[in-house]
Protein chains: 2
Amino acid sequence: MSPVRYALLSLLAREPLTGYDLAQLLNARIAPFWPVRYNQIYPELARLEEEGLLKHHAVESTSYRPTKKVYEMTAAGREALREWVLLPVEPTVMRDEFLLKIYNLWLLEPEETIHQLHEQRALHAERAKAYEEHLEEVKIQMGPNTQNHRDPLFASIAVIEAGMTYERQYVVWCDHVLSLLASEVP
Amino acid sequence: MSPVRYALLSLLAREPLTGYDLAQLLNARIAPFWPVRYNQIYPELARLEEEGLLKHHAVESTSYRPTKKVYEMTAAGREALREWVLLPVEPTVMRDEFLLKIYNLWLLEPEETIHQLHEQRALHAERAKAYEEHLEEVKIQMGPNTQNHRDPLFASIAVIEAGMTYERQYVVWCDHVLSLLASEVP
DNA sequence: AAGTCCATGTAACCAGTTACATGATTGC
DNA sequence: GCAATCATGTAACTGGTTACATGGACTT
């Protein structure tokens with residue numbers, strides 16, 4: 001099945017949430033491991049409930065707002081998630097549009113390439129910083145006991161660190177290519 | 001438009017190729033920046049030709065095989081590619097299924113997580129090695145003049161290095177999480 | 001007065017994947 | 001005898017994106 005459902009289950013395994021909350025969390029810049037739109041979320045939540053992996057209860061919020069549906073995970077849901085996690089994964093090929101463009105760098109004037117690289121570098125540096133800040137927050141939230149692998153925050157930290165090192169490495173790579181371009185032409 | 005067309009154009013900007021060749025190159029483990037299936041390629045090539053970005057000439061290969069269509073780029077195609085390359089890009093969010101699973105690590109027994117991490121580490125290490133080897137080949141092929149940004153191989157090297165550092169960083173991250181898991185439990 | 005935030009959903013479209021189809025040759 | 005390689009394509013399905021739809025309160 002589509003990984004979207006597991007993205008939803010992954011968050012709901014930690015705390016009950018509404019569809020809206022789920023979208024916020026999944027698309028937040030700090031933990032964007034699986035961006036998802038509302039229109040995918042709501043039908044998927046309904047399907048998951050049909051299958052007995054979730055259940056919801058309605059919550060009347062401030063009078064004028066539509067009634068919220070707060071979803072929470074069932075035991076069956078937790079088991080289904082565990083099973084999926086244990087399945088082996090093929091590493092994803094990173095389909096990076098920017099790399100595809102860089103592959104055509106030889107068609108451009110050096111200044112054009114340099115401009116693109118600076119732009120991309122800035123974007124990734126920004127993301128790296130967002131990860132760093134979020135990591136600090138989570139570490140503070142977790143307290144001194146950072147070794148406890150039963151704590152969901154332990155897992156959060158591992159994932160944030162992955163994102164952070166990815167973004168940092170991207171910045172380093174941009175700098176590397178920029179230096180290659182600079183060192184040429186006497 | 002879909003980036004598939006630009007993946008095709010990117011390769012055809014360097015040399016004439018058949019649909020089959022294109023699939024081979026795009027899916028080769030060494031340069032998998034945009035894996036594509038045949039069924040996407042053939043219709044897309046036809047469309048690109050209609051638009052005047054490509055042209056093909058038939059080549060009778062060994063008698064028993066279907067006649068090849070060797071596509072090559074037109075001036076208009078090259079221009080369209082250049083234009084696309086110059087458009088700004090949003091960095092892609094990496095949708096890594098494994099990270100999504102690691103996010104649920106707290107649901108697993110440590111040995112289970114460790115197993116998964118070792119598996120993933122091995123796959124990425126293998127890929128890193130493939131990139132390294134490919135990089136050496138391309139460097140040899142390019143000769144001493146590695147600074148010439150007009151040489152398509154200069155661009156190839158930049159992209160291969162991106163893939164290589166990505167895979168290496170992934171391995172480092174796996175080791176990092178493994179060390180966190182090992183250091184716990186007295 | 002315009003735009004954003006909460007909170008839900010539906011409909012239409014497009015891209016990408018899986019499966020199906022053909023066919024002789026070369027290597028194991 | 002079986003699988004892989006070259007070489008092309010079509011059909012059906014599915015997952016994801018874009019656009020549409022509603023609606024009151026709060027901020028600028």
Side-chain angles (χ1 to χ4, degrees), chain A residues 1-9 11-12 16-29 32-50 54 56-71 84 90 92-97 100, chain B residues 1-9 11-12 16-29 32-50 54 56-71 84 90 92-97 100:
Chain A
M1 304 284 148
S2 116
V4 177
R5 64 192 295 121
Y6 297 108
L8 299 174
L9 290 176
L11 292 178
L12 290 169
L17 293 163
T18 68
Y20 189 84
D21 296 335
L22 283 160
Q24 297 308 107
L25 287 171
L26 287 167
N27 298 321
R29 224 173 316 142
F33 34 71
W34 217 282
V36 176
R37 315 272 156 163
Y38 297 109
N39 31 28
Q40 267 191 284
I41 290 178
Y42 294 115
E44 193 63 46
L45 285 172
R47 230 172 297 145
L48 286 165
E49 187 162 32
E50 258 181 57
L54 297 180
H56 83 270
H57 60 107
V59 173
E60 299 268 342
S61 46
T62 44
S63 57
Y64 63 88
R65 293 251 173 84
T67 327
K68 284 203 253 189
K69 290 185 184 177
V70 178
Y71 284 89
W84 171 76
E90 297 254 326
T92 333
V93 207
M94 50 158 185
R95 281 197 177 155
D96 185 329
E97 210 173 308
L100 194 52
Chain B
M1 304 283 150
S2 116
V4 177
R5 62 192 297 121
Y6 297 107
L8 299 175
L9 290 176
L11 292 178
L12 289 169
L17 293 163
T18 67
Y20 189 83
D21 296 336
L22 284 161
Q24 298 308 107
L25 287 172
L26 288 167
N27 297 322
R29 224 173 316 143
F33 34 71
W34 215 282
V36 177
R37 314 271 155 164
Y38 297 110
N39 31 26
Q40 267 191 285
I41 289 179
Y42 294 116
E44 192 65 46
L45 285 173
R47 229 171 299 146
L48 286 165
E49 188 163 30
E50 258 180 57
L54 297 180
H56 84 270
H57 60 107
V59 174
E60 298 268 342
S61 47
T62 46
S63 57
Y64 63 89
R65 294 250 173 84
T67 327
K68 286 202 253 188
K69 288 185 184 176
V70 178
Y71 284 89
W84 171 76
E90 297 253 328
T92 334
V93 208
M94 50 157 185
R95 281 196 179 156
D96 186 328
E97 210 173 307
L100 195 52

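Quick note: numbers below take in every heavy atom, side chains included, and nothing from hydrogens, waters or symmetry partners. In what follows, every chain begins at residue 1, and chains take the letters A, B, ... in the order their sequences are listed.
Evaluation of the salt bridge (Lys or Arg N to Asp or Glu O under 4.0 Å) rule for Arg47(B) yields Glu44(B) as partners, not counting sequence neighbours. Remark: Gln40(B) engages no residue in a side-chain hydrogen bond (donor to acceptor under 3.5 Å, both in side chains) (not counting sequence neighbours). The ring pair (Phe, Tyr, Trp, His ring centres under 6.0 Å) test applied to Tyr42(B) returns no partner, not counting sequence neighbours. Listed by chain and residue number, nothing satisfies the salt bridge (Lys or Arg N to Asp or Glu O under 4.0 Å) test with Glu97(B) (two or more places apart in sequence, or in another chain). Residues satisfying the side-chain contact (heavy atoms from CB on, under 4.5 Å) test with Val59(B), not counting sequence neighbours, are His57(B), Lys68(B), Val70(B). Every ring pair (Phe, Tyr, Trp, His ring centres under 6.0 Å) that Tyr6(A) has, sequence neighbours left out, goes to Trp84(A).
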Subject >> Summary of protein contacts for nucleotides 8-14 of chain D, nucleotide by nucleotide, where a base hit scores B, a sugar-phosphate-only hit scores S (4.0 Å, heavy atoms) >> reply: BBBB---
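The CZ atom of Arg5(B) sits 16 Å away from the C1' atom of dG16(C) (whole-angstrom rounding). When the C1' atom of dT8(C) is taken as reference, atom CZ of Arg37(A) falls 17 Å away, rounded to whole Å. Rounding to whole angstrom units, CG of residue Leu22(B) and C1' of dC6(D) are separated by 14 Å. dG16(D) atom C1' lies 12 Å from atom CZ of Arg47(A), rounded to whole Å. Rounded to an integer number of Å, the gap from Glu90(B) CD to dT17(D) P is 13 Å. Protein atom CG of Asn27(B) is 15 Å distant from nucleotide atom C1' of dA7(D), rounded to whole Å. Going from atom NE2 of His56(A) over to atom C1' of dT8(C) covers 12 Å, rounded to whole Å. Between Leu45(A) atom CG and dA7(C) atom P the separation is 14 Å, expressed in whole Å.
Residue contacts for Val36(A): at a heavy-atom cut-off of 4.0 Å it reaches no nucleic acid atom on any strand shown.
Summary for the helix from dA1(C)-dT28(D) to dC28(C)-dG1(D): the axes at its two ends, each from 5 pairs, differ by 40° when rounded to the nearest 10 degrees.
At least one side-chain heavy atom of Leu22(B) sits less than 4.5 Å from a side-chain heavy atom of Leu45(B).
Residue pairs meeting the salt bridge (Lys or Arg N to Asp or Glu O under 4.0 Å) criterion with at least one partner in residues 16-26 of chain B, sequence neighbours excluded, do not occur; the list is empty.
Using the six-membered ring where Trp is involved, His56(A) and Tyr71(A) have ring planes that are tilted, between 30° and 60° apart.
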